[in-house]
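The first residue of the sequence shown is numbered 1, and numbering continues consecutively from there. The structure displayed is predicted, hence computed values, not measured ones.
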Amino acid sequence: MDSFNPYPNHPSSFLNLLTSQQQNQTIPPIQLEHFPPSIDLGSSDVPVFSTQLSDDQEEEEARIPGKKSRCKWSPTEDLVLISGWLNTSKDPVVSNGQRAKTFWQRIGDYFAASQKLKGVVKRSTLCCKQRFAKINEGVNKYVRSFVAATKQQTSGQNDEDLVNLAHQIFYEDYGSKFTLEHAWRAVRYEQKWLSEFPTTGTTKKRKCKEHQREESASVPVATEENQSQSEIRPTGVKAAKAKAKVKTKSQAKPSDTLKELQLIWEIKEKDLAVREKLINNEEKISSSNYNLDKMMDDKFDEYINQALENYGDRRQAEPKRAYIERDCEQGHIQLWNDYFSEGATFPPHIFRRRFRMNRPLFMRIVDRLSNEIPYFEQRRDATGRLGFSALQKATAAIRMMAYGLAADAVDEYLRIGQSTSMLCLENFVEGIRYLFGDEYLRRPTREDLIRLLHIGEIRGFPGMIGSIDCMHWEWKNCPTAWKGQYTRGSGKPTIVLETVASQDLWIWHAFFGPPGTLNDINILDRSPVFDDVLQGRAPKVRYVVNGNEYNLAYYLTDGIYPKWATFIQSISLPQDEKAFLFATNQEACRKNVERAFGVLQARFAIVKHPALIWDKIKIGNIMRACIILHNMIVEDERDGYTQYDVSDFAHPESASSSQVDFTYSTDMPSNLGNMMATRTRLRDRTKHEHLKADLVEHIWQKFGPNQA
């Protein structure tokens, strides 16, 4: 009797299989070189979350004919098995449209004929099938954990941080470590595992759902009667109130007047019907009928007049809207005597604390608003009485922005009601944008660039014109239909603000409006921060670092931003003194934008607290008005705390190595080719590496221990 051969996929028989596959015109096998380079098939190092099997976990086993021992699957065997599965499933001729036995037979033949498994124990087709099922199950679970980790990604996290976080989530969800990372890295971009998102939400929600399913499984089966009763959904509060209103209206008795009108109208209809019959039959109307008709008309008019009188009596009996005499003149006098008269009650430093700015700057704003914005003009009403003054309206808006107060919180002092206070705020922020937006939300001019480059060179970063970062503003009253779009990992809907700030906390760029689910990189793709450079409107900059000349200014950023020629990040893990000194100086300078966020929220608490307005356009107007007022305050108070000599950069001629080309014309036309070439220069990674290396050396020479 012939002995059973458990390995039909011997190389000699595999030649016949290859011949048959060539006749079927199949795609060549997928090579292992196509897998990500991060997978080291020959490495024996085990990371924190190991891709090798641990002692306490269930091992993948394969029986060896003639032996009772079992041997583990190595990562190399796993990758060859995955390669065989992908090659067979992507066959353009048969693909998955074949019997399971034939499908796995081809995979087993591919696995047995692999040149990468020389000297490795042979595996049967059944072992390959069972091993792939275990790989598929484990990778699918890890995909869910990776999706949850992606939703929890914060600023500064890279791909490896996400992988580690996904390992932690996997361990919390399933109680064991994920040991198939090499398999996941091999198939993470395949369509089968890209679309494997069976659950949404955080790990906590998934645990709650699984706990609910366990509880529901332990409940005994209910009868049909109980099941029908349990399926009936209880009426909500709003639905019950609406139902009660409808029931009240349906049960309400019609008024006597309405009944009389309906009775008269029925009699009138009968009379008209009789008259039509008489006219059709060409019969004469007797005098008695004529008198009856006249009597009915008089009766109808009498009842109509009575109904109108009853309606007028009911209108007069209704209570009128309550009118509150607020004495707005007294509010203006009190405000003037407290802050604006010659012998004001409160001194200038208290005015600065409560209005967030000095008195001359506030009076300048109020003067332009009252002269150029019609809403802030003081007018008389129909009785000739003066309304609220421009000081009252502007003060109400400033108090709401500075302290984050409710609309009716200024009623006692300024004598302005809730609705009027909201109108004051809306018109105030629109007026600030209209009157001062072009000046205080401008892009850097040539003179501004000279000053920024000079300050950057003093701080050890030639060519640096500021630091860029993003801030989130919580939106409490976000519409329900938009909450999924604006809600990030914290569970609260937010709106993102991207800004560029300099050392004096002036905000040069403000991009507000993207939903909170976007991170810094997604917002950068939508941001107009480089539009002037791409369209040829920005002045040319030239500076020298470590003996090398560069012509693109750059921003300081954190680690999440891409490595472009216009971004300089810190060194996350410095290994020597030069790198440590560079990281210290870079992080100290990059904190300018963080300080700007903190000062903006401290000055205007309305930005710090959750937004209570429904309209996103009005929220954007408030944010931009706060930034404009912030820049106005910086300009007004900058001379008091500046540490630089302004005369050094007041003229184009300067001893600095950073220069701005004043002969460059910003009106030159640009085409798509120029824009694409400029875009390529902005995103040049090689220039980024060279510039960063030169900056490290420059800072070491400038601030190193050998310098005085």
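Taking CD1 of Ile568 as the reference point, atom CZ of Phe461 lies at 8.5 Å (rounded to 0.5 Å). In this structure, Thr179 OG1 and Glu181 CD are separated by 10.5 Å, a value rounded to the nearest 0.5 Å. The CG atom of Asp520 sits 9.5 Å away from the CD atom of Gln153 when rounded to the nearest 0.5 Å.
Two residues are said to be in side-chain contact when any heavy atoms from C-beta on lie closer than 4.5 Å; Lys616 and Tyr486 meet this criterion. No side-chain heavy atom of Trp475 sits under 4.5 Å from any side-chain heavy atom of Thr494. You'll find the side chain of Leu695 reaches within 4.5 Å of the side chain of Tyr554, heavy atoms only. The shortest side-chain heavy-atom distance between Leu524 and Pro562 falls under the 4.5 Å cut-off. Looking at Phe103 and Ser89, their side chains come closer than 4.5 Å, going by heavy atoms from C-beta outward. By the 4.5 Å heavy-atom criterion applied to side chains, Arg188 and Trp193 are not counted as neighbours.
Residues passing the salt bridge (charged side-chain N to carboxylate O under 4.0 Å, His left out) test with Glu498, sequence neighbours excluded: none. Residues passing the salt bridge (charged side-chain N to carboxylate O under 4.0 Å, His left out) test with Lys578, sequence neighbours excluded: Glu697. Qualifying side chain to side chain contact (heavy atoms under 4.5 Å, CB included) partners for Ser74, counting only residues two or more places apart in sequence or in other chains: Thr76, Glu77.
Using a 4.0 Å cut-off between charged nitrogen and carboxylate oxygen, Asp469 and Arg590 count as a salt-bridge pair.
Crowding of His472 atom NE2: a count of heavy atoms from other residues, nucleotides or ligands under 6.0 Å exceeding 12. Surrounding CD of Glu594 are more than 12 heavy atoms belonging to other residues, nucleotides or ligands, all under 6.0 Å away. Residue Lys687 places its NZ atom among more than 12 non-hydrogen atoms of other residues, nucleotides or ligands, all under 6.0 Å distant.
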Inset, instruction - Begin from the C-alpha positions of Arg185 and Glu160 and carry the test salt bridge (charged side-chain N to carboxylate O under 4.0 Å, His left out) through to its verdict. - result: CA-CA 12 Å; Arg185 290 186 181 274; Glu160 292 300 321; 3.5 Å; yes
Inset, instruction - Tell me, with the steps shown, if Trp564 and Phe530 meet side chain to side chain contact (heavy atoms under 4.5 Å, CB included). - result: CA-CA 12 Å; Trp564 294 353; Phe530 294 119; 4.2 Å; yes
Inset, instruction - Evaluate the side chain to side chain contact (heavy atoms under 4.5 Å, CB included) criterion for residues Ile521 and Ile560: first the C-alpha distance (whole Å), next the side-chain angles of each, then the deciding distance (0.1 Å), finally the verdict. - result: CA-CA 7 Å; Ile521 300 177; Ile560 194 174; 4.0 Å; yes
Inset, instruction - Verify salt bridge (charged side-chain N to carboxylate O under 4.0 Å, His left out) between Glu587 and Lys591, making sure each step is shown before the conclusion. - result: CA-CA 6 Å; Glu587 292 168 3; Lys591 291 301 180 184; over 6 Å; no
Inset, instruction - Check the pair Tyr555 / Val529 against side chain to side chain contact (heavy atoms under 4.5 Å, CB included), numbers first and verdict last. - result: CA-CA 11 Å; Tyr555 300 108; Val529 64; 4.1 Å; yes
Legend entry - CA sep, side-chain torsions, deciding dist, call: Leu497, Met623, side chain to side chain contact (heavy atoms under 4.5 Å, CB included): CA-CA 9 Å; Leu497 169 68; Met623 174 60 78; 3.7 Å; yes
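In this structure, the ring of Phe146 has its center less than 6.0 angstrom from the ring center of Trp184. Between Trp700 and Phe582, the ring centre distance reaches or exceeds 6.0 Å.
A cation-pi geometry, defined here as NZ or CZ lying under 6.0 Å from the six-membered ring centre and within 45° of its normal, holds between Arg123 and Trp73. Cation-pi geometry between Lys141 and Phe170 is not met: the NZ or CZ atom fails to fall both under 6.0 Å from the ring centre and inside 45° of the normal.
Without hydrogens or angle criteria, Gln575 side chain to Leu573 main chain gives a donor-acceptor distance under 3.5 Å.
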